[in-house]
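Okay, structure first, notes after.
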Amino acid sequence: MYIRRILIAAIIAISMVSSSAYAEWHFGIGTGPSMLKIDGDIGFHTNIAGPVKMNVDADPDDIMDVMDSALGLSGYASNGKWTFKAAYANLVLEGSGGNRAAHLDIEADMTGAEFAVGYALYEKPYLNLNLIGGIRYTEHEISVDFSTGKHKISRALDNDWTDAVIGLSANVPLTQTLTWNTQMDVGFGGSEGTYTANTGLTWQFYKGWSGTLFCKYAAVDFENAARGSEDWYLYDMNEQSLGLAIFYNW
């Protein structure tokens with residue numbers, strides 16, 4: 001439901017700017033591959049052992065080994081002074097393991113959507129500084145099945161939260177076709193606090209086409225209910241990604 005609201009808001013906003021002074025606006029849509037590393041703590045309640053908190057440290061190879069599917073898409077509309085951005089991402093992980101004494105199956109479906117508006121605070125040939133504000137939606141659907149000779153634990157967790165986001169971005173043109181982009185923001189509201197920073201180089205390699213090599217860091221701290229409650233869920237994680245985004249611009 002929240003994803004639909006975010007995407008509908010993005011479509012309405014982009015439609016509004018598209019219908020006025022069309023020639024002054026520029027648009028783009030893109031996607032591309034990325035590698036993900038995560039480390040931190042995840043916790044949930046079990047009927048047998050009570051609250052269980054586990055440390056996770058997975059590098060890109062570990063993520064690839066259990067990745068079932070991944071999808072990412074983003075777009076923008078800008079006239080230089082105002083910029084509207086929308087993004088959607090989904091990652092599904094599936095893993096299992098065990099021996100004669102115990103067996104574990106786990107599936108994680110992680111979805112994110114974001115809509116942001118940027119306003120140019122400072123515009124010079126050598127630097128563009130923008131104020132960013134928006135909303136970010138996150139949903140985690142996790143199912144866990146753990147069985148031994150005597151016991152079986154099955155949990156289905158479905159948690160989502162929406163944060164208000166505020167931050168700053170800077171664009172530094174290095175040449176006519178190469179730009180350095182950096183953004184830092186904080187999110188608050190549904191989570192205990194999220195902090196993200198990303199930087200990258202954008203190269204316009206052909207008319208209407210550009211590629212951005214980027215790295216991103218996100219610290220996410222979300223906790224649902226209190227420890228000991230059956231609805232308790234903890235996601236206190238550092239997420240690091242390196243990727244390449246290809247955009248078609250017009």
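Keep in mind it's a predicted model, so treat the numbers as computed, not measured.
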- Message: As a quick check of understanding, evaluate side chain to side chain contact (heavy atoms under 4.5 Å, CB included) for Asn198 and Thr182, giving each step before the final call.
- Response: CA-CA 6 Å; Asn198 68 74; Thr182 299; over 6 Å; no
- Message: Less than 4.5 Å apart, side chain to side chain, heavy atoms only: is that true for Phe84 and Phe115?
- Response: yes
- Query: Looking at Ser78 and Thr83, what are the two nearest heavy atoms and their distance?
  - Reply: OG-OG1, 3.0 Å
- Short side-chain to backbone donor-acceptor contact, Asp41 and Asp236, under 3.5 Å: no
- Query: Are there more than 12 heavy atoms of other residues, nucleotides or ligands under 6.0 Å from atom CD of Glu192?
  - Reply: yes
- Message: According to ring-ring contact (aromatic ring centres under 6.0 Å, His included), who are the partners of Trp180, at least two apart in sequence or on a separate chain?
- Response: none
- For the atom pair CG (Leu131) and OH (Tyr119), what is the distance rounded to the nearest 0.5 Å? 10.0 Å
- Find the distance between CG (Leu174) and CG (Leu201) and round it off to the nearest 0.5 Å. 6.5 Å
- Message: Please check: side-chain N/O of Ser34 versus main-chain N/O of Leu242, any donor-acceptor pairing under 3.5 Å?
- Response: no
- Query: Strictly by modelled atom types, are Asn171 and Thr179 linked by a side-chain donor-acceptor pair under 3.5 Å?
  - Reply: no
- Mind telling me whether Tyr248 and Trp209 have parallel, tilted or perpendicular rings, with 30° and 60° as the class edges? tilted
- Query: What distance separates Lys85 NZ from Ser74 OG, expressed to the nearest 0.5 Å?
  - Reply: 8.5 Å
- Task: Indicate the atoms forming the closest heavy-atom contact of Gly189 with Asp163, along with that distance.
- Result: N-OD1, 3.4 Å
- Message: Between Asp57 (side chain only) and Asp39 (backbone N and O only), is there a donor and an acceptor less than 3.5 Å apart?
- Response: no
- Query: Are any non-hydrogen side-chain atoms of Gln204 and Phe247 less than 4.5 angstrom apart?
  - Reply: no
- Please check if any side-chain donor atom of His26 sits under 3.5 Å from a side-chain acceptor atom of Tyr76, or the reverse. no
- Test log, rule side chain to side chain contact (heavy atoms under 4.5 Å, CB included), inputs Leu91 and Met67: CA-CA 8 Å; Leu91 175 65; Met67 186 176 68; 3.8 Å; yes
- Tell me whether Leu93 is reachable from Ile42 by hopping between hydrophobic residues (I, L, V, M, F, W, Y) whose side-chain heavy atoms are closer than 4.5 Å. yes
- Item | Within one Ile-Leu-Val-Met-Phe-Trp-Tyr cluster: Ile38 and Met110, side-chain cutoff 4.5 Å | yes
- Query: Can you name the closest pair of heavy atoms from Leu129 and Ala170 and give their distance?
  - Reply: CD1-CB, 4.2 Å
- Query: Going only through I, L, V, M, F, W and Y residues with side-chain contacts under 4.5 Å, is there a path from Val92 to Val144?
  - Reply: no
Anything under 3.5 Å between a donor and an acceptor, one on a side chain of residues 214-225, the other on a protein residue two or more places apart or in another chain? List them.
{"unit_1": "Tyr217", "atom_1": "OH", "unit_2": "Asn238", "atom_2": "OD1", "d": "3.0"}
{"unit_1": "Glu223", "atom_1": "OE2", "unit_2": "Trp232", "atom_2": "NE1", "d": "2.7"}
{"unit_1": "Asn224", "atom_1": "ND2", "unit_2": "Asn159", "atom_2": "OD1", "d": "3.4"}
{"unit_1": "Asn224", "atom_1": "ND2", "unit_2": "Asp231", "atom_2": "O", "d": "2.7"}

- When rounded to the nearest 0.5 angstrom, what is the spacing between CD1 in Ile29 and CD1 in Ile246? 14.0 Å
- Query: Does the pair Glu239/Lys37 count as a salt bridge with the N-to-O cut at 4.0 Å?
  - Reply: no
- Query: Same hydrophobic cluster for Trp203 and Leu244, using side-chain heavy-atom links shorter than 4.5 Å among ILVMFWY?
  - Reply: yes
- Task: Check whether any side-chain heavy atom of Glu94 lies under 4.5 Å from a side-chain heavy atom of Val66, and answer yes or no.
- Result: no
- Task: With side chain to side chain contact (heavy atoms under 4.5 Å, CB included) as the test, would you mind laying out the steps for Leu127 and Tyr122 before giving the verdict?
- Result: CA-CA 8 Å; Leu127 173 65; Tyr122 184 79; 4.1 Å; yes
- Item | Heavy-atom closest contact (Ile63 atom, Ala58 atom, distance) | CD1-CB, 3.9 Å
- Look up atom CG in Leu178 and atom CD in Gln176, then write down how far apart they are to the nearest 0.5 Å. 11.5 Å
- Message: Less than 4.0 angstrom from a charged side-chain N to a carboxylate O is my criterion; do Asp185 and Arg136 meet it?
- Response: yes
- Query: What heavy-atom pair brings Ser96 and Asp105 nearest, and what distance separates the two atoms?
  - Reply: CB-OD1, 2.8 Å
- Item | CE/Met184: more than 12 non-hydrogen atoms of other groups inside 6.0 Å | no
- Non-hydrogen side-chain atoms of Leu234 and Lys53 separated by less than 4.5 Å: yes
- Pick from Asp160, Asn90, Thr138: which one makes a side-chain hydrogen bond (donor to acceptor under 3.5 Å, both in side chains) with Thr111? Asn90
- Task: Go through Met64 and Met35 one step at a time and tell me if the side chain to side chain contact (heavy atoms under 4.5 Å, CB included) criterion holds.
- Result: CA-CA 8 Å; Met64 289 297 295; Met35 298 183 296; over 6 Å; no
- What is the minimum heavy-atom distance between Glu123 and Gly80, and which atoms define it? OE2-O, 3.7 Å
- Task: Using a cut-off of 6.0 Å, state whether more than 12 heavy atoms not belonging to Lys81 lie near its atom NZ.
- Result: yes
- Between Asp59 and Asp61, is there a donor-acceptor pair closer than 3.5 Å when you use the side chain of the first and the backbone of the second? yes
- To the nearest 0.5 angstrom, please state how far the CG atom of Leu213 sits from the OG1 atom of Thr202. 9.5 Å
- Quick one: do the Asn249 and Ser210 side chains pair a donor with an acceptor below 3.5 Å? yes
- Tyr235 vs Tyr233 aromatic rings, parallel, tilted or perpendicular, using cut-offs 30° and 60°? parallel
- Item | Contact check, side chains of Ile132 and Leu168, non-hydrogen atoms, under 4.5 Å | no
